Undergrad: 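Encoded as structure tokens, here's the structure I'll be asking about.
It should be emphasised that the depicted structure is a prediction, and the values quoted were computed from it without experimental measurement. Hydrogens, waters and symmetry mates are skipped; everything else that's a heavy atom, side chains included, is used.
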Amino acid sequence: MRSDSIKKGIARTPHRGLLMATGVSKKAMDRPFIGIASSFSDLVPGHIGMRDLERQIEKGIHSAGGQAFIFGVPAVCDGISMGHCGMRYSLPSRDLIADCVESVCEAHQLDGLVLLSNCDKITPGMLIAALRINVPTIIVTAGPMLDGESRCEKLTMIKGSFEAVGKYRSGVIDEKRLLELEEESCPSAGSCQGMYTANTMACLAEVMGMSLPLCATSAAVSSKKRRIAFDSGMQIVELVKNDVKPLDIIDKDTLRNAIVADLAMGGSTNSFLHILALANAGEIDVTLKDFEELSHKIHQVVKLDPAAVPTMTDFHKAGGVPALMKTLVDANVGIVDKQTVCGYKISEIVKEAYVNTDLIHPYNEPFTTKPGLGILYGNLAPDGCVTKISGIDESCYEFEGVARTFDSEEDAMTALEEDKIKAADIIIIRYEGPKGGPGMREMLAPTSLLVGKGLGTTCALITDGRFSGGTRGICIGHVCPEAANGGPIALIKDGDKIRIDINTRSINILVSDAELAKRKSELKPFELKCKSGYLAKYAKNVQDASHGAIV
């Protein structure tokens with residue numbers, strides 16, 4: 001065992017003494033040492049219930065003959081950090097989390113890991129670490145929260161809070177109703193209810209075979225989630241005994257399976273960043289071209305909030321990830337039969353899966369033949385940009401409008417709040433990319449305000465920043481190159497016409513090449529906004545979004 005290097009032999013007497021100080025018995029010294037990387041936090045709704053899940057995982061590990069050690073990693077709530085300077089830390093926290101897990105595991109030579117995660121950047125951060133370290137690993141995502149409800153109206157965090165603000169500002173609801181929605185939209189522990197980034201990544205972790213079946217969709221407050229946590233603790237000991245490592249499970253086929261599933265369920269645009277970062281961590285040959293290739297082939301068979309009314313609760317009842325994978329396997333769309341951490345191959349897991357076809361449509365009867373996500377190219381984004389097609393009304397697939405430029409999210413929000421944005425405007429929010437932000441902030445506040453104000457089908461928003469998985473409307477993000485690197489988005493002027501065409505996957509500034517070249521020559525060099533601290537270090541080292549915003 002790896003842990004022998006800290007517990008075997010005369011020279012390790014000091015080490016054993018320190019381990020005994022933690023409560024490890026002499027008999028337990030012979031057991032595999034399993035780390036439980038817990039992102040428990042009282043600050044993050046998706047993580048407040050993890051103390052109970054830690055106990056269940058620990059029980060499973062000890063029941064199977066292992067020795068468990070819990071250690072903590074940071075967690076950021078994207079919803080709470082949204083709309084202010086705190087959001088600059090969200091994406092950078094992904095790499096910080098990976099570093100934390102790697103540091104603790106390697107420093108203490110742990111034999112295996114259970115990664116207890118849930119929200120947006122924590123799950124991919126932990127998976128990045130797993131691929132770097134490559135010791136036997138299972139991920140337990142803590143699960144979605146219960147649906148909100150008020151006056152028999154089904155609520156989610158996005159519709160019950162962010163979009164409600166827009167409705168209040170436009171006079172659709174009064175302050176009393178706004179406060180009612182605020183109080184009832186998030187009724188329990190868990191990740192936010194729709195197919196936002198947290199739940200997208202939980203589903204993809206299960207698709208990739210890194211968590212047990214139905215882990216992604218089982219509610220955070222359910223006994224099923226507790227049982228999955230216990231079983232994960234049991235199973236990690238088996239993986240250690242059989243030396244089954246993440247890179248035995250995750251390869252190019254696995255990541256392409258994840259891309260196919262992501263497109264079919266209309267996941268968060270952030271998944272592009274995270275899958276590319278996973279490919280980098282595992283030295284796997286997956287690039288933006290894989291997304292582009294598959295996005296022209298895959299139909300969308302699941303449509304959840306924010307693009308529709310159903311939530312993760314409904315998805316779970318309809319059969320969850322095994323049902324989605326059964327649908328894709330039966331349709332022969334290129335799902336490769338891979339081994340998973342539970343010991344079964346995908347084909348064995350899906351064989352008896354229940355599928356409710358009202359929510360998970362048969363592949364030949366999809367919600368749309370368009371995928372849930374798409375990559376656009378053009379003179380505005382030569383290196384690509386990303387949109388959530390599932391969140392765009394089909395009447396808006398071809399959209400032309402006039403640019404309204406803003407060099408920060410705050411300036412755009414002010415214009416929206418003061419009703420300075422009108423139909424046919426295209427809001428350009430730039431200098432918010434990985435380097436320019438720094439940290440590539442999500443733009444949930446302005447996109448939700450657009451929808452709440454009734455402009456979701458008459459205005460568009462383009463940014464070199466990111467969008468929340470809860471975003472819907474004509475929203476284009478991850479524009480590459482970003483403005484801070486002199487990308488064309490930095491050259492746009494108020495009044496420029498821009499054409500977006502989802503059908504042809506194109507996005508163009510309707511300005512001559514000569515004029516764009518002239519503007520390029522006049523563009524002043526970008527100066528980093530942060531001169532010290534973590535964000536300064538991040539801005540100096542981060543790559544662009546088309547490479548996963550990796551450090």
Undergrad: Before giving the answer on side-chain contact (heavy atoms from CB on, under 4.5 Å), spell out for F467 and S268 the whole-Å C-alpha distance, their side-chain angles and the decisive distance to 0.1 Å.
TA: CA-CA 8 Å; F467 294 123; S268 165; over 6 Å; no
Undergrad: So is K7 actually on top of F33's ring, under 6.0 Å and inside 45° of the axis?
TA: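 K7 over F33 ring: yes.
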Undergrad: I would like to know whether I138 and M210 meet side-chain contact (heavy atoms from CB on, under 4.5 Å); could you show each step before the answer?
TA: CA-CA 6 Å; I138 288 179; M210 289 300 294; over 6 Å; no
Undergrad: Can you check whether P144's main-chain N or O pairs, donor with acceptor, with Q193's side chain at less than 3.5 Å?
TA: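 Between the backbone of P144 and the side chain of Q193 there is no qualifying donor-acceptor contact (under 3.5 Å).
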Undergrad: Does CZ belonging to F69 count more than 12 external heavy atoms closer than 6.0 Å?
TA: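 Yes, because the 6.0 Å sphere around CZ of F69 holds more than 12 heavy atoms from other groups.
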Undergrad: Would you please indicate yes or no on a ring centroid separation below 6.0 angstrom for Y363 and H299?
TA: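 Judged by ring-centre distance (under 6.0 Å), H299 and Y363 do meet the cut-off.
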Undergrad: Would you say H62 and R31 are linked by a side-chain donor-acceptor pair, where the criterion is simply a distance under 3.5 Å?
TA: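 The criterion, which ignores hydrogens and geometry beyond distance, is not satisfied for H62 and R31.
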Undergrad: Is D99 salt-bridged to R94, going by a charged N under 4.0 Å from an acidic O?
TA: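 Salt bridge flag = no for R94 with D99.
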Undergrad: For atom NZ of K26, is the number of surrounding heavy atoms from other residues, nucleotides or ligands below 6.0 Å larger than 12?
TA: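 Incorrect, the count does not exceed 12.
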Undergrad: K388 side chain to T269 main-chain N or O, any donor-acceptor pair under 3.5 Å?
TA: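 Such a contact is absent between K388 side chain and T269 backbone.
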Undergrad: Would a distance-only check, ignoring hydrogens and angles, find a side-chain to backbone donor-acceptor pair under 3.5 Å from D251 to D253?
TA: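 Checking the backbone N and O of D253 against the side chain of D251, a donor-acceptor pair under 3.5 Å is found.
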Undergrad: Drop me the distance from C203's SG to M195's CE, to the nearest 0.5 angstrom.
TA: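 So the SG of C203 and the CE of M195 are separated by 4.0 Å.
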Undergrad: When you measure from the side chain of E482 to the backbone of Y431, do you find a donor-acceptor pair of N or O atoms at a distance under 3.5 Å?
TA: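 No: the side chain of E482 does not pair with the backbone of Y431.
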Undergrad: If the threshold is 4.0 Å, N to carboxylate O, is there a salt bridge linking E292 and K297?
TA: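 Salt bridge absent between E292 and K297.
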Undergrad: Assess the residue pair S25 and Q67 against the criterion (side-chain contact (heavy atoms from CB on, under 4.5 Å)); give the C-alpha distance rounded to whole Å, side-chain angles, the decisive distance to 0.1 Å, and a yes or no.
TA: CA-CA 10 Å; S25 69; Q67 175 64 43; 5.8 Å; no
Undergrad: Atom CG of L288 and atom SG of C480: how far apart are they, to the nearest 0.5 Å?
TA: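 Spacing of CG (L288) from SG (C480) equals 8.0 Å.
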Undergrad: Is it true that a side-chain atom of Q235 and a backbone atom of V341 form a donor plus acceptor pair closer than 3.5 Å?
TA: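 Yes: the side chain of Q235 pairs with the backbone of V341.
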Undergrad: Any side-chain to backbone donor/acceptor pair from E206 onto C215? Under 3.5 Å, distance only.
TA: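 Yes: the side chain of E206 pairs with the backbone of C215.
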Undergrad: For the residue pair P310 and D305, establish whether any side-chain heavy-atom pair is separated by less than 4.5 Å.
TA: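 Sidechains of D305 and P310: no contact.
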Undergrad: May I ask you to test the L273-I550 pair for a side-chain heavy-atom distance under 4.5 Å?
TA: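 No, every pair of side-chain atoms sits at 4.5 Å or beyond.
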Undergrad: Would you give the length of the straight line joining atom CG of N280 to atom CG of D285, rounded to the nearest 0.5 angstrom?
TA: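 It comes to 12.0 Å.
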Undergrad: Counting neighbours of NZ on K351 that are heavy atoms of other residues, nucleotides or ligands and sit closer than 6.0 Å, is the number greater than 12?
TA: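 Atom NZ in K351 is not crowded, with 12 or fewer foreign heavy atoms closer than 6.0 Å.
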Undergrad: State, without any angle test, whether N199 and S191 hold a side-chain donor-acceptor pair at a distance under 3.5 Å.
TA: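 N199 vs S191: donor-acceptor pair found between side chains.
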Undergrad: Quick one: do R2 and D111 make a salt bridge, cutoff under 4.0 Å?
TA: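 Salt bridge between R2 and D111, a charged N being under 4.0 Å from a carboxylate O: no.
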Undergrad: Checking M208 against L278 for the side-chain contact (heavy atoms from CB on, under 4.5 Å) test, could you report, in this order, the C-alpha distance in whole Å, the side-chain angles of both residues, the deciding distance, and whether it holds?
TA: CA-CA 11 Å; M208 289 186 284; L278 290 175; 3.9 Å; yes
Undergrad: Whether D52 and R55 form a salt bridge (side-chain N of Lys/Arg under 4.0 Å from carboxylate O of Asp/Glu) is what I want to check.
TA: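 Yes, R55 and D52 are salt-bridged.
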Undergrad: Can any side-chain N or O of D464 pair as donor or acceptor with the backbone N or O of E432 at less than 3.5 Å?
TA: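 Flag set: sc D464 to bb E432 pair under 3.5 Å.
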Undergrad: With the threshold set at 4.0 Å, does a side-chain nitrogen-carboxylate oxygen contact exist between D30 and K8?
TA: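 Between K8 and D30 there is a salt bridge, with a charged N closer than 4.0 Å to a carboxylate O.
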Undergrad: In the structure I gave you, are the side-chain heavy atoms of K345 and T340 within less than 4.5 Å of one another anywhere?
TA: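 In short, these two side chains do not touch, never coming nearer than 4.5 Å.
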Undergrad: For a side chain to side chain donor-acceptor pair (under 3.5 Å) check, start with the C-alpha distance between D383 and S546, then their side-chain angles and the critical distance, and finish with the verdict.
TA: CA-CA 7 Å; D383 295 336; S546 66; 5.3 Å; no
Undergrad: What verdict does the salt bridge (Lys or Arg N to Asp or Glu O under 4.0 Å) test give for R227 and D231, after you've listed the backbone C-alpha separation in whole Å, the side-chain angles of each residue and the deciding distance to 0.1 Å?
TA: CA-CA 6 Å; R227 296 195 298 272; D231 289 342; over 6 Å; no
Undergrad: Would you check if C385 and I375 make a side-chain contact, meaning some heavy-atom pair closer than 4.5 Å?
TA: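 Side chain of C385 against side chain of I375, heavy atoms only: no contact under 4.5 Å found.
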Undergrad: Between S39 and V44, is there a side-chain heavy-atom distance shorter than 4.5 Å?
TA: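 A side-chain contact under 4.5 Å is absent here.
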Undergrad: Decide yes or no for P306 and Y196: does some side-chain heavy atom of the first lie under 4.5 Å from some side-chain heavy atom of the second?
TA: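 Contact flag for P306/Y196 side chains = yes.
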Undergrad: Other residues, nucleotides and ligands only: do more than 12 of their heavy atoms fall within 6.0 Å of NZ on K529?
TA: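 More than 12 within 6.0 Å, yes.
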Undergrad: More than 12 heavy atoms of other residues, nucleotides or ligands under 6.0 Å from NE2 of H108: yes or no?
TA: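 No.
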Undergrad: Can you check whether T197 reaches H274 side chain to side chain, under 4.5 Å on heavy atoms?
TA: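 SC-SC contact between T197 and H274 confirmed.
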Undergrad: Side chain of D4, backbone of M1: donor and acceptor closer than 3.5 Å?
TA: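 Answer holds: yes.
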Undergrad: Do other residues, nucleotides or ligands put more than 12 heavy atoms under 6.0 Å from the NZ atom of K317?
TA: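 No, the 6.0 Å shell around NZ holds no more than 12 heavy atoms from other groups.
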Undergrad: Working note: T141 + N118, criterion side chain to side chain donor-acceptor pair (under 3.5 Å); need CA distance, chi angles, decisive distance, verdict.
TA: CA-CA 5 Å; T141 48; N118 211 23; 5.0 Å; no
Undergrad: If every non-hydrogen atom of E58 is compared with every non-hydrogen atom of A68, which pair is closest and at what distance?
TA: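 Minimum heavy-atom separation between E58 and A68: CG-CB, 3.8 Å.
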Undergrad: Could you tell me if S81 and D78 have a donor-acceptor pair between their side chains, going purely by distance under 3.5 Å?
TA: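 Short answer, no.
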Undergrad: Do I236 and I61 come within less than 4.5 Å of each other through their side chains, counting heavy atoms only?
TA: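 Side-chain contact under 4.5 Å: yes.
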Undergrad: If we count only N and O atoms by modelled type, under 3.5 Å, do the side chains of H47 and S41 hold a donor and an acceptor together?
TA: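 Per modelled atom types, H47 and S41 side chains form no pair under 3.5 Å.
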Undergrad: Any ion pair linking K121 and E442 (charged N to carboxylate O, less than 4.0 Å)?
TA: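 Salt bridge flag = yes for K121 with E442.
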Undergrad: Search all heavy atoms of A353 against all heavy atoms of K326 and return the closest pair with its distance.
TA: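 The pair with the smallest heavy-atom distance is O-CD, 3.6 Å.
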Undergrad: R226 vs S222, test: side chain to side chain donor-acceptor pair (under 3.5 Å). Steps then yes/no.
TA: CA-CA 7 Å; R226 298 180 90 228; S222 66; over 6 Å; no
Undergrad: Do you know which two heavy atoms are closest between S5 and R12, and how far apart they sit?
TA: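 Closest approach of S5 to R12: O-NE, 2.5 Å.
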Undergrad: On a heavy-atom basis, which atom in G35 and which in L110 lie closest, and how many Å separate them?
TA: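 Minimum heavy-atom separation between G35 and L110: CA-CD1, 3.7 Å.
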Undergrad: Donor-acceptor pair, D262 side chain versus T200 backbone, under 3.5 Å?
TA: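 Side chain of D262 to backbone of T200: no pair is present.
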Undergrad: T13 and R16: side-chain donor and acceptor closer than 3.5 Å?
TA: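 Yes, side-chain donor-acceptor contact under 3.5 Å.
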Undergrad: Rounded at 0.5 Å granularity, tell me how far CD in E54 sits from CZ in F40.
TA: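 The distance works out to 7.5 Å.
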Undergrad: In Å and rounded to the nearest 0.5 Å, what is the OG to CD1 distance from S223 to I228?
TA: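 One finds 10.0 Å between OG of S223 and CD1 of I228.
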Undergrad: Counting only N and O atoms by type, is there a donor-acceptor contact under 3.5 Å from the side chain of H547 to the main-chain atoms of A549?
TA: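 Here the side-chain-to-backbone pair does not exist.
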Undergrad: To the nearest 0.5 angstrom, please state how far the CZ atom of R466 sits from the CG atom of D120.
TA: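 The distance works out to 7.5 Å.
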